[in-house]
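Working notes, structure below.
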Amino acid sequence: MRIVINGQQAFGRACLDAIVARGTDEVVAVYTAPDVEGRPLDPIKQAALEHGLPVHQPADYSDGAVLDGLRAHDADLMVLAYVTLFIPEAARRVPKSGTICFHPSLLPLHRGPSSINWPIIWGAEHTGLTIFWPDDGLDEGDILLQKQVAIEPDDTLGSVYFGKIFELGVSAVLEAIDLVRSGSPPRIAQDESLATYESWCRAGDVEIDWKRSVGEVYNLIRGSNPQPGAWTTLDGETLQIFDCEKAPASGRVGRVCAVDGESFTVAAGRGGIRVRRVRLGRGAKVAAADFIREAGLEPGRRLGT
């Protein structure tokens, strides 16, 4: 099949590289977001240039000239592999078999841009990915295929995405292309009664409340690691907490109750958080051991308000 791939970032590049390497289909064009002055080329654009493929970066897919350019590629399928710009129906319908899209959740659960953070924060034991036929709604449209992955008790946003969903998502894109090529790909309606939507997981959502149970605090930290980074304060300055683990603890919540050579422990509800990696203010992420020395951290110091 003749394929247009529209994507961004490392996932978009990985999908492009996989389609080209397999050699079953012909990538006729690559679409991506416009360049941002002062930033490096998007990875998928860099890959497209390396493969000698035409690159297009429209800001508005409803523009007539953009639609004419898309038609000129005579594509059979468009693949959306991490896309932040809205692609309207007029563009999605240009390829003969339409357009399919990757989303990192088990739709209709967790529609929205931070679909991996929230299940971890809320203590879910599994999530997954969906390849679907997008419509004009946000992450709405019939499902083509889904894959489930476990969220282990100590998984983070980073380990779930990069360790589980990323490579599985690339292989799922290839599988989806094969299903479309077969001529009778699935189109399973999403159950709207189960649908959820969550917006961006931002810094304002991940301030640590040390009075919450240790499980809730731990889930918040791991669901925000590495982005946006759960945080508390120390002497009025923001302290983000990344790598950590649950640990026994006693004493007043929000107080440093133990310090050793490699970590420090903060009391929360019914337990504690042993911290191993942090960032203070706008500084670099550092091992807790370095932070302890630099901050002169001792038991009894109070975190948060």
Side-chain angles (χ1 to χ4, degrees), residues 1-32 42-48 50-51 53 75-84 87 92 95-117 119-120 124-134 139-152 155-188 190 226:
M1 291 194 301
R2 293 172 60 82
I3 292 179
V4 166
I5 183 166
N6 190 335
Q8 294 171 239
Q9 302 301 323
F11 184 77
R13 172 169 190 148
C15 289
L16 171 59
D17 287 342
I19 295 169
V20 171
R22 189 169 70 158
T24 306
D25 304 284
E26 179 186 3
V27 178
V28 294
V30 173
Y31 282 71
T32 190
D42 190 284
I44 195 173
K45 179 177 181 179
Q46 184 63 50
E50 292 169 5
H51 291 303
L53 297 170
D76 296 299
L77 180 69
M78 180 157 60
V79 176
L80 306 184
Y82 187 84
V83 175
T84 57
I87 312 297
R92 298 194 309 269
K96 299 178 183 69
S97 296
T99 296
I100 59 174
C101 182
F102 163 83
H103 182 73
S105 82
L106 294 173
L107 293 174
L109 295 175
H110 307 301
R111 294 170 176 169
S114 294
S115 55
I116 305 176
N117 302 74
I120 300 173
E125 295 181 350
H126 68 269
T127 187
L129 63 90
T130 303
I131 310 294
F132 68 107
W133 305 91
D139 300 325
E140 298 176 17
D142 292 345
I143 293 168
L144 175 55
L145 65 84
Q146 293 187 311
K147 305 287 183 180
Q148 181 172 299
V149 301
I151 301 176
E152 303 296 339
D155 268 328
T156 65
L157 167 64
S159 67
V160 171
Y161 180 61
F162 292 107
K164 299 181 179 182
I165 288 179
F166 190 102
E167 290 299 329
L168 184 61
V170 174
S171 64
V173 166
L174 297 180
E175 182 181 345
I177 292 170
D178 291 341
L179 288 169
V180 174
R181 189 190 304 106
S182 74
S184 56
R187 288 179 177 267
I188 303 166
Q190 294 191 36

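Along the sequence shown, residues are numbered consecutively beginning with 1.
- Between Phe11 and Phe166, the gap from one ring centroid to the other is short of 6.0 Å.
- Across all non-hydrogen atoms, the minimal contact from Val173 to Ile131 is CG2-CD1, 4.0 Å.
- In plain terms, the two heavy atoms of Leu129 and Ala172 that are nearest each other are CD1-CB, 3.7 Å.
- In this structure, CD1 on Ile5 lies 13.5 Å from OH on Tyr31, to the nearest 0.5 angstrom.
- To the nearest 0.5 angstrom, Leu106 atom CG is 6.0 Å from His126 atom NE2.
- Separation of atoms CG (Asn6) and CG (Leu16) is listed at 11.5 Å; rounding is to 0.5 Å.
- Closest heavy-atom contact between Pro185 and Leu179: CB-O, 3.6 Å.
- A donor-acceptor pair shorter than 3.5 Å can be found between the side chains of Gln146 and Thr130.
- Using a 4.5 Å cut-off on side-chain heavy atoms (C-beta onward), His51 and Val30 make no contact.
- The heavy-atom pair separating Leu77 from Met1 by the smallest distance is CD2-CE, 4.0 Å.
- Residues Phe132 and Leu144 form no side-chain contact, since every pair of their non-hydrogen atoms from C-beta on lies 4.5 Å or further apart.
- Using a 3.5 Å distance cut-off with no hydrogens or angles, the side chains of His110 and Asp139 do not pair a donor with an acceptor.
- The salt bridge (Lys or Arg N to Asp or Glu O under 4.0 Å) test applied to Arg111 returns Glu140, Glu192, not counting sequence neighbours.
- Between Cys15 and Val79 there is no side-chain heavy-atom pair separated by less than 4.5 Å.
- To the nearest 0.5 Å, the span separating CD1 on Ile120 from CD on Glu152 amounts to 11.5 Å.
- Side-chain contact between Asp178 and Arg22 is present, with at least one heavy-atom pair separated by less than 4.5 Å.
- You'll find the side chain of Ile87 stays beyond 4.5 Å of the side chain of Pro134, heavy atoms only.
- Within 6.0 Å of CD in Gln148 there are more than 12 heavy atoms belonging to other residues, nucleotides or ligands.
- Ile165 approaches Gly128 most closely through the heavy-atom pair CD1-O, 3.7 Å.
- Here the closest non-hydrogen pair linking Ser97 and Arg187 is O-NH2, 4.3 Å.
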